[in-house]
Amino acid sequence: MTRKVMKRSVLALGLGAATFTLSACDGVTVGVGYGVGYDPYYDSMLWNDYYHDRDVDVDVDINRPDRPDRPNPPARPKPPIAKPPSRPHPPVARPPAARPPIHRPSPRRR
Amino acid sequence: MRNLLSMALTACAATWLLGAPTLADTPVTYTDEGRALFRFDVPDFWTLRTGGPREIEDTDLGDARAVSRVMGIKPVTDDNVWMGFVSPSRVSSIKGGLRYLEDIDKFLVKDPTVTSTSDTRIGGLPAHVVRGTGNRDGRGVNFTATVIDLPRDRVAIGVAILRDGADPSYVDALNAVFVSFRSLQ
């Protein structure tokens with residue numbers, strides 16, 4: 001019984017000590033790029049126009065030559081006036097002409 | 001023996017609980033060229049990002065712009081809240097501070113709309129507060145921009161940003177930062 005309790009307490013204390021040993025590793029390591037990622041507000045607060053002289057109107061394009069006029073677009077191509085000759089068609093049998101019957105029974109004589 | 005075991009467990013638990021960080025804010029001092037200008041408290045479980053004086057250049061135009069130290073704080077686990085302080089050089093009055101603010105707010109927040117402005121005192125110093133809304137990255141944000149008139153021709157500019165959907169309890173944390181604000185001159 002005593003031995004069992006001893007074993008248990010050694011296990012409990014050993015686990016506790018192991019937890020401390022493991023947690024001691026946390027937080028003292030020095031990492032690069034950890035924790036500082038995209039920080040938009042910080043970056044934005046750095047940027048300012050205050051010291052930028054706003055009263056000077058600098059025309060960056062001052063030495064640029066004038067833009068040439070747009071060239072006239074080429075004329076639209078016109079469709080050919082004459083229609084191209086149609087392809088020869090193979091002879092097609094004409095349908096039979098609708099003729100009245102040759103013989104018609106005459107009305108019955110009385 | 002059983003007693004010993006329970007005592008050992010109790011000791012373990014007590015160490016765990018007492019080992020947890022006690023609730024105390026962290027004072028931070030903003031300095032410029034070795035001169036301490038003001039201090040504020042960073043709330044617990046927030047991260048502080050400090051910068052320094054530098055020049056940033058526009059890659060298209062090639063004009064360098066001076067930037068003073070910017071200090072940004074935000075909760076460790078939440079991106080919806082942000083607060084930043086800057087004390088720009090050569091800005092000596094609240095009026096100048098508001099002009100400076102106009103020149104950065106277009107980068108901080110898109111389509112800003114001012115909802116209210118007020119004059120108040122922060123840390124015993126005259127201050128001007130501008131509250132408004134806008135949007136950023138497609139989400140609505142609430143911002144509170146503050147210009148605090150520091151002695152000896154300096155101002156402190158503080159901007160607090162709460163994105164829509166942020167935990168409202170962060171408002172208390174942000175106010176606590178303003179309450180802890182003290183000039184150091």
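Quick caveat, the model's predicted, so the values are computed rather than measured.
At most 12 non-hydrogen atoms from other residues, nucleotides or ligands lie less than 6.0 angstrom from NZ of Lys95(B). Counting non-hydrogen atoms of neighbouring residues, nucleotides and ligands closer than 6.0 angstrom, the CZ atom of Arg35(B) exceeds 12 such neighbours.
Here the OH atom belonging to Tyr42(A) is positioned 15.0 Å from the CE atom belonging to Met83(B), to the nearest 0.5 angstrom. The structure places OH of Tyr41(A) at 6.5 Å from CG of Asp137(B), a figure rounded to the nearest 0.5 Å.
Closest approach of Met45(A) and Gly84(B) over heavy atoms only: CE-O, 3.7 Å. Scanning all heavy atoms of the two residues, the minimum distance from Leu46(A) to Val67(B) falls at O-CG2, 3.2 Å.
At a 4.5 Å heavy-atom cutoff, Val76(B) makes no contact with chain A through either its backbone or its side chain. Both the backbone and the side chain of Arg90(B) come within contact range of chain A, judged by heavy atoms closer than 4.5 Å. With a 4.5 Å cut-off on non-hydrogen atoms, Leu108(B) touches chain A through its backbone and its side chain both. When heavy atoms are compared at a cutoff of 4.5 Å, Ser89(B) approaches chain A by way of both its backbone and its side chain. Heavy atoms closer than 4.5 Å to chain A are found nowhere in Phe143(B), neither backbone nor side chain.
One hydrophobic cluster, built from ILVMFWY side chains closer than 4.5 Å, holds both Val114(B) and Phe107(B). Criterion: ILVMFWY side-chain heavy atoms under 4.5 Å apart, direct or through other members. Under it, Leu48(B) and Leu37(B) are part of a common hydrophobic cluster. In terms of hydrophobic clustering, with Ile, Leu, Val, Met, Phe, Trp and Tyr side chains grouped at heavy-atom distances under 4.5 Å, Val42(B) and Leu184(B) are assigned to different clusters. Hydrophobic clustering, with ILVMFWY side chains joined whenever heavy atoms are under 4.5 angstrom apart, keeps Val129(B) apart from Val147(B).
When the heavy atoms of residues 150-159 of chain B are compared with those of chain A, the residues falling under 4.5 Å are Ile157(B), Val159(B), listed by number.
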